[in-house]
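Here is how names work: the chains are called A, B, and so on, in the same order as the sequence lines, proteins then strands, and each is numbered from 1. Every value quoted in this text rests on a predicted model; they were computed, and no experiment measured them.
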There are 2 protein chains.
Amino acid sequence: MKHKTQQRKALMECLHEARGPLSPAEILWFSREKVPSLGIATVYRNLKLLVEEGFVAELQVPGQGSYYEPADMDHHHHFQCRNCKQLFCIPGCPPGITSLAPEGFKLDGHEIFLYGRCSECTQ
Amino acid sequence: MKHKTQQRKALMECLHEARGPLSPAEILWFSREKVPSLGIATVYRNLKLLVEEGFVAELQVPGQGSYYEPADMDHHHHFQCRNCKQLFCIPGCPPGITSLAPEGFKLDGHEIFLYGRCSECTQ
DNA sequence: ATACTTGCAAAAGTTTTGCAGGTTA
DNA sequence: TAACCTGCAAAACTTTTGCAAGTAT
């Protein structure tokens, strides 16, 4: 049976308060406001644990390692701003996606990344 | 003005002979058949150069670093087999993709990754 | 009391950089 | 010969692991 530590609680709170997926470094930064002694190894260990237990979803971002978000979100994809680098969640999914797989290939998942400028950085 | 070295030529040949995008380690492995003394630093330096000059396209694969392919290919996406991990090129693109961006966001590119089992690994 | 967790520091994996020597034009 | 490149080894990063000490139940 797992113990509910301050550290683990702080991580989950951060993820729920965030506007989008966070990197381990961002999670460390924000969580230290609640648990100043927190170390990066603990962040990685807990993220792994929380992903295994199904509370957190891992998002592997091309060229930028893994980001994390609460697992209880509906199916969605992401937009990354080329200027501020922030990741935004995009609800929905193009309908034709499942017909792209070639003959004989069995499709069981997909990931879409949109790139451009967010509304803040467009101005 | 750049010099045409054996090393650089070997890299480009490998990429053209490959059935899909290659990782730096794979490129090193295959290129050493042509230039046995080749070092990994040279692979990284030349890939960077070839990308900058527009001869090679970098594909940042979620969770697996960068892969490389010749830049003269038509717009396409990729399928990764969960079993053998190989990357396959997928021609085409779902039509609804451009309408996913939220109001006020300027979209200038996108990347799609399909996951599942390739025809070899389905059997 | 026992099982689980933490922070630190060391280790491991990947990509980049400094440099002396070698290659290309 | 002058500019450019290479291989090696060291450096920089990011992520993982071992361990002694601390915390939750």
Side-chain angles (χ1 to χ4, degrees), chain A residues 1-15 18 21-69 80 85-87 113, chain B residues 1-15 18 21-69 80 85-87 113:
Chain A
M1 198 231 211
K2 304 288 189 282
H3 294 177
K4 277 177 198 134
T5 63
Q6 291 187 303
Q7 288 84 344
R8 194 130 68 221
K9 256 185 288 184
L11 292 205
M12 280 308 293
E13 283 173 22
C14 275
L15 293 178
L22 298 179
S23 67
E26 289 168 339
I27 293 168
L28 176 66
W29 184 253
F30 292 128
S31 297
R32 274 188 165 164
E33 290 177 12
K34 302 174 186 195
V35 184
S37 68
L38 183 63
I40 189 67
T42 299
V43 172
Y44 279 106
R45 274 188 294 235
N46 275 298
L47 286 172
K48 188 175 182 184
L49 190 73
L50 290 164
V51 168
E52 283 167 5
E53 305 211 324
F55 296 115
V56 168
E58 178 178 10
L59 173 70
Q60 297 183 320
V61 180
Q64 302 189 210
S66 290
Y67 279 62
Y68 298 86
E69 57 192 356
Q80 185 167 38
K85 309 300 182 197
Q86 200 184 330
L87 284 164
F113 295 92
Chain B
M1 194 232 214
K2 303 289 190 281
H3 295 174
K4 278 177 197 133
T5 64
Q6 292 187 302
Q7 288 84 346
R8 195 129 69 220
K9 256 185 288 183
L11 292 205
M12 280 308 292
E13 283 172 22
C14 275
L15 293 177
L22 298 179
S23 67
E26 289 168 339
I27 294 168
L28 175 66
W29 184 252
F30 292 129
S31 297
R32 274 189 165 164
E33 291 177 10
K34 301 173 185 192
V35 183
S37 67
L38 183 65
I40 189 67
T42 299
V43 171
Y44 279 106
R45 274 188 293 233
N46 275 297
L47 286 172
K48 187 174 183 185
L49 190 73
L50 289 165
V51 168
E52 283 168 5
E53 305 210 324
F55 296 115
V56 168
E58 178 178 11
L59 173 70
Q60 297 182 319
V61 180
Q64 303 188 210
S66 290
Y67 279 61
Y68 298 86
E69 56 192 357
Q80 185 167 40
K85 309 301 181 197
Q86 199 184 330
L87 285 165
F113 295 93

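Scanning for side chain to side chain donor-acceptor pair (under 3.5 Å) contacts around B/Q86 gives B/R19, with sequence neighbours left out. For B/E58, the salt bridge (Lys or Arg N to Asp or Glu O under 4.0 Å) criterion is met by no residue, not counting sequence neighbours. Contacts of B/E69 classified as side chain to side chain donor-acceptor pair (under 3.5 Å), with partners at least two apart in sequence or in another chain: B/H76, B/H78.
Remark: side-chain polar atoms of B/Q80 are paired, donor with acceptor, to backbone N or O of B/K85 under 3.5 angstrom.
Counting to the nearest Å, the C1' atom of C/dA25 and the CD atom of B/Q6 are 15 Å from each other. One atom, CG of B/L28, and another, C1' of C/dT14, lie 13 Å apart when rounded to the nearest Å. Atom CD in B/E52 sits about 11 Å away from atom P in C/dT16, given to the nearest Å. Distance B/K9 NZ to D/dC4 C1': 15 Å, rounded to the nearest Å. As a whole-Å value, the separation of A/Q60 CD from D/dT14 P is 17 Å. In this structure, A/Y68 places its OH atom 11 Å from C1' of D/dT14, rounding to the nearest Å. Rounded to an integer number of Å, the gap from NZ of B/K4 to C1' of D/dT6 is 19 Å. B/R8 places its CZ atom 12 Å from the C1' atom of C/dT23, with the value rounded to the nearest Å.
One axis for each end of the helix from C/dA1-D/dT25 to C/dA25-D/dT1, each built from five base pairs, and the angle between them comes to 30° at 10° resolution.
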Are any protein N/O atoms closer than 3.5 Å to N/O atoms in nucleotides 16-23 of chain D? If there are, list each pair with its distance.
from, atom 1, to, atom 2, distance (Å)
D/dG18, O6, A/R45, NH1, 3.2

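For B/Q7, a side-chain nitrogen or oxygen approaches OP1 or OP2 of D/dG7 to under 4.0 Å.
Among all heavy-atom pairs drawn from A/P62 and B/Q60, the shortest one is CB-O, 3.1 Å.
Remark: B/L87 CG to B/Q64 CD distance equals 7.0 Å, nearest 0.5 Å. A distance of 10.0 Å separates OH of B/Y67 from CD1 of B/I27, quoted to the nearest 0.5 Å. Here A/L15 contributes atom CG and A/F55 contributes atom CZ; the two are 13.0 Å apart, rounded to the nearest 0.5 Å.
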Using a 3.5 Å cut-off and no angle test, enumerate the donor-acceptor pairs between side-chain atoms of residues 33-49 of chain B and protein atoms at least two apart in sequence or in another chain.
from, atom 1, to, atom 2, distance (Å)
B/K34, NZ, B/E13, OE1, 2.9
B/K34, NZ, B/E17, OE1, 3.4
B/K34, NZ, B/E17, OE2, 3.1
B/N46, OD1, B/R8, NH1, 2.7
B/N46, ND2, B/T42, O, 3.0

